[in-house]
Amino acid sequence: MEEKYTDLIHKAQLAYENAYAPYSNYKVGAAVLWDSGAITIGANMENASYGLTVCAERNAIAAGIGMGERQIVAIAIAVPSEDLPAPCGACRQVLREFSSDSTVLLVNGKGKIKKTNLKKLFPDSFGPEFLKKL
Ligand code: THU
């Protein structure tokens, strides 16, 4: 993997250690690289009222938005388990709000990395520019 992504991946791996996932036991960490160079992290946060669960990716994105960031360059998503993670549909849509085609790095517990991008994961998507053309 390109060296420019090693720190981002490491931060996503550190983030899953803080996941609050007592119900699924499925821990996820995410680290988002913004165009300013800032990196924000997040972990999944479950709730006894299950539907209130928030994914790691959206928590990492929300942390950046609160700092004034708006443009995502890349996101690393890491899990301790064997299968590579896959961002859920809701997270793909939220990523799309802040990037038309960010780099997406999927990392499993053995350090296997798959590099892909949002356009591949979420083709023909709806985004903010649709509303600007009204
Ligand atoms: N989860 C994430 O944090 N990110 C994903 O992309 C998929 C799912 C979390 C939500 C929930 O806490 C657990 O994984 C099981 O769905």
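The basis for the numbers below is simple: all heavy atoms, side chains too, and nothing from hydrogens, waters or symmetry mates. Indexing begins at 1, ligand by ligand and atom by atom, following the structure's order.
Aromatic ring orientation, Y23 versus Y20: perpendicular (interplanar angle above 60°, classes split at 30° and 60°).
Protein heavy atom closest to atom 14 (O) of ligand 1, with residue, atom name and distance, is Y26 CD2, 3.3 Å. Nearest to atom 10 (C) of ligand 1 among the protein's heavy atoms is T53 CG2, 3.7 Å. Atom 9 (C) of ligand 1 has as its closest protein heavy atom N44 ND2, 3.5 Å. Summary of contacts: the protein heavy atom closest to atom 5 (C) of ligand 1 is E57 OE2, 3.4 Å. The protein heavy-atom contact nearest to atom 12 (O) of ligand 1 is E46 OE2, 2.5 Å. The protein heavy-atom contact nearest to atom 3 (O) of ligand 1 is A56 N, 3.0 Å.
Look at P85 and you'll find every heavy atom at least 4.0 Å from all atoms of ligand 1.
Between E57 and R96 there is no salt bridge, since none of the side-chain N atoms of the basic residue sits less than 4.0 Å from a carboxylate O of the acidic one.
Atoms of ligand 1 found under 4.0 Å from any heavy atom of S24, numbered from 1 in the order shown, are 13 (C), 15 (C). Under a 4.0 Å criterion applied to the non-hydrogen atoms of C88, ligand 1 contributes the atoms 6 (O).
Counting heavy atoms under 4.0 Å from ligand 1, residue A86 touches it through the backbone alone. When non-hydrogen atoms are compared, ligand 1 lies under 4.0 Å from neither the backbone nor the side chain of A21.
Looking only at side-chain heavy atoms (C-beta outward), L106 and K115 stay at 4.5 Å or farther from each other. Side chains of D7 and I39 form a contact here, defined as non-hydrogen atoms less than 4.5 Å apart.
Rounding to the nearest 0.5 Å places CD1 of I75 at 4.5 Å from CG of L95.
When the options A90, A30, C55 are ranked by their closest heavy atom to atom 1 (N) of ligand 1, first place goes to C55.
In this structure, E82 and N108 approach most closely via the heavy-atom pair O-ND2, 2.8 Å. Nearest approach of A19 to N44, heavy atoms of both residues: CB-OD1, 3.1 Å.
Side-chain atoms of T40 and E69 include no donor-acceptor pair closer than 3.5 Å.
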